[in-house]
S.K.: 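Pasting a structure here, questions to come.
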Amino acid sequence: MSWHPSIPASWRPSLTELECPLPASRQVFKCEDLMEDFNYTPSIIEPKWQQRWADENAFRTPSDPEELRSKPKYYVLDMFPYPSGAGLHVGHPEGYTATDVIARMKRMQGFNVLHPMGWDAFGLPGERAAVREGKHPAEIMTRNIDNFRGQIQRLGFSYDWEREVNTSSVDYYRWTQWIFLKLYEKDLAYMADEPVNWCPALGTVLANEEVKDGKYVETGDVVERRMMRQWMLKITLYAQRLLDDLDDLDWPESVKEMQRNWIGRSRGAGVTFAIDGHEQDFTVFTTRPDTLFGATYCVLAPEHPLVAKITTDEQREAVENYIAEATNKSDLDRTDLAKTKSGVFSGAFALNPVNGQRIPIWVADYVLMSYGTGAIMAVPGHDERDHEFARAFDLPIIEVVSGGSKPIEEEAFTDCNDGVLVNSSGDQGLDLNGLKVPEAVNATIAWLGDKELGEEKIQYRLRDWLFSRQRYWGEPFPIVHTDDGEVVPLPEEALPIALPAIDQYRPTEDGRPPLARAGDDWLRVTLPDGRTGTRETNTMPQWAGSCWYYLRYLDPTNELEPWSEEAENYWMPVDLYVGGVEHAVLHLLYVRFWHKVLFDCGLVHTKEPFQKLFNQGMILAYSYRDEGGKYYHPDEVEENDGGHVTRQTGIPVNTQIEKMSKSKLNVVNPDDVINAYGADAMRLYELFMGPLEVQKPWQMKGVEGVNRFLHRVWRLVVDSKTGELNTRITNDPADSNDPLNRVLHKTIKKVVSDTETLQMNTAIAQMMIFVNEATTAETLPREILSAFLRLLGPYAPHLCEELWSRLNGEGLLAHASWPTHDEALCQDDLITIVLQVNGKRRDEIQVPKDTAKEDLERLTLDSDKIRKYMEGKEPRRVIVVPGRLVNVVV
RNA sequence: GCCGGAGUGGCGGAAUGGUAGACGCCAAGGACUUAAAAUCCUUUAUCCGUAUGGGUGUGCGGGUUCGAUUCCCGCCUCCGGCACCA
């Protein structure tokens with residue numbers, strides 16, 4: 001184990017602590033082994049209070065109907081982790097600490113609080129670890145979960161562990177299968193031959209959302225296109241609702257915007273083009289129907305079914321070669337923007353519906369089969385891509401919207417607000433000349449409708465969700481393929497379909513998914529109607545389990561239904577959902593889709609699952625790298641004349657702030673921090689670092705700062721020489737003239753409002769101000785300390801429970817009532833008024849808080865300094881801001 | 001390229017139209033100590049000045065206002081997302 005150089009040796013844990021294999025909550029400390037003193041010792045009090053909370057079941061969520069009715073509810077949820085082998089990093093507890101503070105405060109404020117934790121335990125990494133270690137994925141996950149749970153429990157979070165869920169347990173995934181049956185019943189799940197993202201390295205297909213730049217986003221493995229028969233979910237049917245309902249959510253604007261972009265709604269028109277000399281026609285989608293007079297050619301995607309039919313004999317060879325070339329290209333090549341446009345003429349001509357003009361039909365891979373109709377009308381004058389293509393192949397460019405800054409041959413004019421239509425009338429009766437673009441769009445759509453040549457069309461970028469994977473470690477589908485060729489859902493009574501034991505987790509030699517290895521005992525099924533068939537061998541993607549876990553927490557042990565109606569009615573929606581921004585699109589879009597389906601089934605009563613969403617920012621760390629790019633562990637580096645050098649060899653190293661990673665040697669392990677400073681310091685620092693939502697670097701020195709603060713809090717209550725209560729503590733009631741009492745009430749006010757809005761860094765700063773004040777106060781009324789401990793309790797629960805019990809005796813602080821502030825005590829009697837001349841601060845005066853405006857004005861003009869700066873001039877205007885300042889304008 | 005977000009001391013950050021730099025870190029000085037750690041106290045944006053004091057200062061340039069870190073316009077830089085989506 002290595003230590004950050006800033007951790008003093010005296011704070012590093014003893015060997016016995018480190019070697020103890022049990023989680024901290026189970027560790028037994030022998031007091032006589034430890035130095036006899038009365039200082040704050042987190043290693044003793046933290047396990048002690050964790051044990052007390054567990055013994056008393058302090059954070060059990062009420063489920064008795066009577067108890068539920070008696071109080072309002074608050075559901076605060078963390079994005080549950082994927083329990084990886086690497087264990088917790090300091091980024092996890094950041095969000096967990098914030099939600100725990102909220103949960104503890106709400107509980108003390110008299111809410112019934114649901115604050116659960118669980119595990120997103122299906123998925124690829126577990127399966128790969130299983131292959132690597134020759135163990136069952138369930139065994140790997142159990143081990144990882146135990147590790148995660150132990151680490152999380154050391155931080156003293158107030159989760160109700162009786163409600164823990166695990167997506168890979170049969171009790172859980174039987175209901176994931178059950179929800180799939182609902183999707184199937186509603187005709188939202190279907191099998192289709194689709195061009196899918198096949199990842200050869202992983203041996204599975206991936207959803208569109210999991211692929212970026214032709215690579216799997218998680219591993220960077222290259223993905224290729226393949227036609228395969230796969231399960232799809234009709235998320236596109238919900239596109240508009242997924243878009244509309246974003247408006248009412250209290251979510252970060254950036255996340256809403258990312259979802260809107262992903263759904264990608266465009267309004268435009270479908271326009272039908274006849275093909276010269278053919279019976280058939282084709283439809284294009286365009287957002288700019290106003291530019292129809294500028295269409296000088298059309299383009300079909302290479303995969304478009306019409307290509308083979310319309311290609312002329314002269315062009316056939318060239319077209320076939322081009323298609324073969326395009327098909328072989330990876331998505332990475334096809335979407336590479338740097339490459340020049342390619343394409344080939346099909347030999348056929350389309351007829352422009354607005355003027356009957358013959359325009360050539362080209363085949364080019366810059367048109368994608370997967371968007372719109374796979375065919376476009378090309379308007380090189382007003383679309384950059386068409387412009388580039390027209391220039392490359394010498395096709396005509398016509399200006400139909402005037403207003404561009406350069407000649408149309410040089411640059412496409414794409415602005416669609418101020419341009420005015422020109423060259424846009426034809427013998428078919430449409431005349432757009434003189435109209436602005438938006439008017440022209442509407443006029444064209446209306447005209448196309450009249451002539452039955454087209455209509456308004458809303459197009460979404462969102463595509464149906466590819467929902468099957470060729471993996472072992474996922475939910476089996478409750479589906480049978482009968483021998484007579486039908487796809488049949490199994491009845492509810494057949495659930496759960498448990499994963500069979502198999503000997504290897506690879507696909508079979510002939511390329512079928514791993515479940516095909518299960519053997520006929522599992523694979524072959526006789527249906528109630530007597531027909532026989534084979535089970536579906538694909539499994540569901542990892543996203544499935546996380547699409548409804550927040551509902552299972554409501555009623556986690558229900559064996560008859562996924563959740564009860566009463567529980568759903570009481571607890572939903574989730575009041576606060578906290579997690580990383582990396583889930584802004586995938587997880588959050590999928591969950592919202594499932595929730596809406598469940599809503600349509602009458603199984604949930606809210607349109608949206610998560611009323612308020614908060615993304616915590618990533619925690620970064622300093623890393624040290626020499627000229628040659630070699631990284632050094634912070635332990636090996638020391639400061640030198642403002643720079644950093646290696647401790648041993650004195651090589652200068654550059655300091656940078658980066659994402660934590662093993663290869664950069666800058667990972668901070670939460671266990672090390674807890675061992676050195678305790679869980680309360682860890683919790684407090686995670687929140688004190690800065691605003692919760694921003695990226696910020698971990699600085700071990702900052703932990704020392706909050707650690708010092710906690711020691712000061714301890715000494716307010718405990719005399720560290722005797723172990724008795726601080727002799728300054730009195731039983732006198734809090735006096736309204738006591739300045740400390742005023743600071744307390746200001747602190748209560750600020751802690752409440754800042755905690756509600758998750759501005760916990762400033763809440764902690766205010767509590768530090770209180771402690772600074774209390775440290776120098778002559779007397780410490782018990783009543784004031786008691787209120788302060790309740791404020792700090794949600795942030796540093798172990799320390800505060802200990803001090804609470806010493807100060808007040810019986811009863812848990814976690815169950816104490818929340819203090820309220822007296823507004824009158826938050827206002828100072830004497831306030832400072834700043835005096836300005838022409839907006840510059842020149843003097844200040846102390847006045848009673850309710851001094852009248854006129855008096856303030858008079859006092860200002862009487863001030864020597866102010867008179868000096870007025871230079872004998874008459875005041876032109878005097879602005880008085882009550883309680884703040886007076887500004888004299890001369 | 002498009003869409004979001006951000007730019008404040010040596011560092012993390014505070015202030016959302018009204019005293020810029022709360023709180024913490026670092027640093028310096030002092031008290032306590034045989035000594036060190038811990039603790040406590042003081043100083044700590046910057047420039048001129050011994051000082052009273054004064055000037056400058058929230059990425060850059062402009063604007064609105066009695067008053068702008070905060071609002072508006074233009075630019076620069078960084079971070080995140082999307083990207084041949086017709």
Side-chain angles (χ1 to χ4, degrees), chain A residues 6 8-10 39 212-213 252-262 264 266 268 284-288 291 299 334-337 339 341 364-368 370-379 382-386 388-389 414 459-463 581-582 584-585 617-618 622 639 642 657 685 688-691 693-706 708-709 711-712 715 720 759 761-769 771-772 775-776 832-844 875-890:
Chain A
S6 66
S10 60
N39 283 321
K212 197 194 158 190
D213 295 336
E253 204 44 50
S254 60
V255 174
K256 289 194 197 180
E257 206 51 38
M258 279 162 78
Q259 294 226 342
R260 288 190 191 109
N261 290 342
W262 195 267
S266 302
V284 304
F285 172 71
T286 176
T287 55
R288 295 293 302 276
T291 61
V299 184
R334 268 188 77 163
T335 57
D336 183 4
L337 285 174
K339 83 182 172 72
K341 295 267 181 294
D365 66 3
Y366 82 92
V367 173
L368 309 175
S370 51
Y371 182 77
T373 60
I376 63 157
M377 64 175 211
V379 184
H382 305 286
D383 181 281
E384 278 168 26
R385 294 148 302 178
D386 297 345
E388 192 193 331
F389 190 84
T414 56
Q459 183 68 44
Y460 300 94
R461 207 181 70 99
L462 183 70
R463 286 178 250 161
V581 73
E582 66 272 18
V585 177
M618 202 189 322
Y622 285 92
E639 235 181 294
I657 295 168
Y685 179 64
F688 187 59
M689 287 173 83
E693 68 276 14
V694 305
Q695 289 196 3
K696 47 214 174 269
W698 186 272
Q699 297 185 105
M700 220 36 109
K701 286 282 185 188
V703 188
E704 286 180 30
V706 296
R708 238 169 257 158
F709 165 70
H711 275 89
R712 285 156 71 92
R715 290 196 301 267
S720 49
Q759 292 165 294
N761 53 331
T762 49
I764 294 167
Q766 182 61 41
M767 290 191 278
M768 287 174 168
I769 291 172
V771 170
N772 291 345
T775 301
T776 54
T832 304
I833 299 287
V834 167
L835 308 185
Q836 298 182 328
V837 177
N838 289 336
K840 285 200 186 261
R841 180 179 185 278
R842 297 301 180 188
D843 199 3
E844 62 178 46
R876 189 142 52 92
R877 211 173 138 189
V878 179
I879 290 131
V880 180
V881 184
R884 291 213 181 255
L885 56 72
V886 181
N887 186 13
V888 182
V889 185
V890 294

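Here is how names work: the chains are called A, B, and so on, in the same order as the sequence lines, proteins then strands, and each is numbered from 1.
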S.K.: Give the rounded distance in Å between these two atoms: CZ of A:R841 and P of B:G57.
M.R.: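 About 17 Å, once rounded to whole Å.
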S.K.: What pattern of brackets, bars and dots sums up RNA chain B from 5' to 3', given Watson-Crick or G-U wobble pairs under 3.5 Å, [ ] for crossing pairs and | for another strand?
M.R.: (((((((..(((.....[....))).(((((.......))))).((((....))))..(((((..]....))))))))))))....
S.K.: Taking only residues two or more places apart in sequence or in another chain, which ones pass side-chain hydrogen bond (donor to acceptor under 3.5 Å, both in side chains) with A:D383?
M.R.: A:R385
S.K.: Taking 4.0 Å as the cut-off, does a side-chain nitrogen or oxygen of A:K840 come that near to OP1 or OP2 on B:U56?
M.R.: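 Looking at the OP1 and OP2 atoms of B:U56, one of them is under 4.0 Å from a side-chain N or O of A:K840.
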S.K.: Can you tell me how far C1' of B:C25 sits from CD of A:E704, to the nearest Å?
M.R.: 9 Å
S.K.: So if I define the base as every atom that isn't primed, P, OP1 or OP2, how would nucleotides 6-16 of chain B read as a B/S/- string at a heavy-atom cutoff under 4.0 Å?
M.R.: -----SBSS--
S.K.: Mind telling me if B:G9 is syn or anti? Syn here is a glycosidic angle within 90° of 0.
M.R.: syn
S.K.: Hey, is the side chain of A:N261 pairing donor to acceptor with the base of B:C82 inside 3.5 Å?
M.R.: no
S.K.: Please name all residues satisfying salt bridge (Lys or Arg N to Asp or Glu O under 4.0 Å) with A:E257, sequence neighbours left out, ordered by chain then number.
M.R.: A:R260
S.K.: Dump every N/O contact between nucleotides 40-49 of chain B and the protein below 3.5 Å, one line per pair.
M.R.:
residue : atom : partner : partner atom : Å
B:C40   : OP1  : A:R712  : NH1          : 2.6

S.K.: Check every atom of B:U19, B:C66, B:A86 against the side chain of A:T832 and return the nucleotide holding the closest atom.
M.R.: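 Per side-chain heavy atoms of A:T832, the pick is B:U19.
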S.K.: Which residues pass the salt bridge (Lys or Arg N to Asp or Glu O under 4.0 Å) test with A:K696, sequence neighbours left out?
M.R.: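 Counting only residues at least two positions away or on another chain, A:K696 forms a salt bridge (Lys or Arg N to Asp or Glu O under 4.0 Å) with A:E94.
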S.K.: My understanding is that only residues two or more places apart in sequence, or in another chain, count here; which of them pass ring-ring contact (aromatic ring centres under 6.0 Å, His included) with A:F389?
M.R.: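 In terms of ring-ring contact (aromatic ring centres under 6.0 Å, His included), with neighbours along the sequence ignored, A:F389 is linked to A:Y297, A:W362, A:Y366, A:F393.
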S.K.: Any side-chain N or O of A:R461 below 4.0 angstrom from OP1/OP2 of B:A83?
M.R.: yes
S.K.: With sequence neighbours left out, what residues match A:D843 under side-chain hydrogen bond (donor to acceptor under 3.5 Å, both in side chains)?
M.R.: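 Testing A:D843 for side-chain hydrogen bond (donor to acceptor under 3.5 Å, both in side chains), a comparison that skips the adjacent residues, returns A:S863.
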S.K.: Of all residues at least two apart in sequence or in a different chain, which pass the salt bridge (Lys or Arg N to Asp or Glu O under 4.0 Å) check with A:E844?
M.R.: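 A:E844 satisfies salt bridge (Lys or Arg N to Asp or Glu O under 4.0 Å) with A:R841 once adjacent residues are dropped.
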S.K.: Just to verify, what does A:I657 make a side chain to side chain contact (heavy atoms under 4.5 Å, CB included) with, not counting sequence neighbours?
M.R.: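 Expected list: A:L620, A:Y622, A:P697.
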S.K.: Using the test side-chain hydrogen bond (donor to acceptor under 3.5 Å, both in side chains), find all partners of A:N772 that sit at least two apart in sequence or belong to another chain.
M.R.: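 side-chain hydrogen bond (donor to acceptor under 3.5 Å, both in side chains) list for A:N772, sorted by chain: A:R712.
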S.K.: Side chain of A:A765, heavy atoms from C-beta onward: which of B:C66, B:U19, B:A22 has the nearest atom to it?
M.R.: B:A22
S.K.: What pairs with A:T373 under side-chain hydrogen bond (donor to acceptor under 3.5 Å, both in side chains), at least two apart in sequence or on another chain?
M.R.: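 Scan of A:T373 (side-chain hydrogen bond (donor to acceptor under 3.5 Å, both in side chains), adjacent residues dropped) gives none.
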